[in-house]
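Working notes for the structure below.
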Amino acid sequence: AYGLNGTAAAMEASVAPAQSEINPALPNVVILATGGTIAGSSDSNTDTTGYKAGALGVETLINAVPEMKGLANVSGEQVANVGSPDVDNTILLQLAKRINELLARDDVNGIVITHGTDTLEETAYFLNLVVKSDKPVVVVGAMRPATAISADGPFNLYNAVKVASAPESKGKGVMIMLNDRIGSARYITKTNTTAVDTFKSVEQGYLGAVVGDKVLFYNEPTRKHTTQSVFDVSGLTELPQVDILYEYQNNGRYLYDAAVAAGAKGIVVAGSGNGSLSSASSEGAEDAGKKGVVIARSTRVGSGTVSSSSSDLADNFVSTDSLNPQKARILLMLALTKTNDAAQIQSYFNEY
Ligand SMILES: NC(=O)C[C@H](N)C(=O)O
């Protein structure tokens, strides 16, 4: 796949094409690498589960797909090199600020972010809310490590650069590119632990696809994103603590009490069904609400919209529309940088 020959990959902080290699007729695309399976490596080429994620540097990823030179002048920067369960608020803020810096430049036409798939949708949705440009931003990952037979990373990366280079990709919000499909960061979620066709959206579908040399769009994201978004990370050095609590039978209120004691400013509930909480959870959540903690009712179901309830706002509760718990957490963190008012936060969940 990446032609490693078993050697440890060089990990340069940044790589740029030599002056003589720059084609002024092509767009300029910057790849920001954060790790994940797309940069994963194993001693065995049939190992698709026990490999090390975030093992290879951005230069190795770029050198493995020289065909990208026919699409764009590609440069790369290493932002992090971790498995995506370890992508945290610090990395999110760093990544978003760097993207905004780069996209403000006339000589940058698009951005590709390489990322682990486990939390890819969280980073993509965060960027969808805070990138201040309509230039294409594409988040890409892989399900098989770089060393595997039929590794999916190189073609996914090639397609991501293709989408980031395409004029028709402008203004679509942050996109997710895997398995030939172009998805909106707002709609797409990981649905399978190991399969290469893991990124799906049951309700809203894909924005489009890459087919042969064509970038084809069929849908537009209708919720506010990027240039339409009020959220701004430029003055932020941290994000408010928002935790997620899962609903299940026979639960107690102690997890709510623990979250509040640990400093949560918001709690997303992965509710049962249409955002339901047990009586015990409701007590814990209502007491948290009285202390100013905003409670966002999402669902553990995996698809569908949580409807609002007439008693929500009085209890400092909001409902999360069709955002799953992990994306609801992203929006609630950003919402809490603007206001603590539940009604205003509910309007964000209705619009974004
Ligand atoms: N396929 C992947 O990228 C999974 C990996 N554990 C990650 O999220 O970093």
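Ligands are counted one by one from 1 in listed order, and the atoms in each one are counted from 1 as well.
By the 6.0 Å and 45° rule, K172 stacks over the aromatic ring of F217.
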List below, pair by pair, the N or O atoms of ligand 1 and of the protein that are less than 3.5 Å apart, including the distance to 0.1 Å; reply 'none' if no pair qualifies.
residue, atom, partner, partner atom, Å
ligand 1, 1 (N), T37, OG1, 3.0
ligand 1, 1 (N), T117, OG1, 2.7
ligand 1, 1 (N), A142, O, 2.9
ligand 1, 3 (O), T37, N, 3.1
ligand 1, 3 (O), T37, OG1, 2.9
ligand 1, 3 (O), T117, N, 2.8
ligand 1, 3 (O), T117, OG1, 3.3
ligand 1, 6 (N), D118, OD2, 2.9
ligand 1, 8 (O), S84, OG, 2.5
ligand 1, 8 (O), T117, N, 3.2
ligand 1, 8 (O), D118, N, 2.9
ligand 1, 8 (O), D118, OD2, 3.4
ligand 1, 9 (O), S84, N, 2.8

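Ring pair Y348/F231: centre-to-centre distance below 6.0 Å.
Under the salt bridge (charged side-chain N to carboxylate O under 4.0 Å, His left out) criterion, no residue pair touches residues 203-214, with sequence neighbours excluded.
Although no hydrogens or angles enter the test, the distance criterion places a donor-acceptor pair under 3.5 Å between the side chain of N23 and the main chain of A25.
Evaluated for a side chain to side chain contact (heavy atoms under 4.5 Å, CB included) with I295, the options L332, D315, N316, V269 yield exactly one hit, V269. Results of the side chain to side chain contact (heavy atoms under 4.5 Å, CB included) test with N128 over T123, I176, V174 single out V174 as the only residue that passes.
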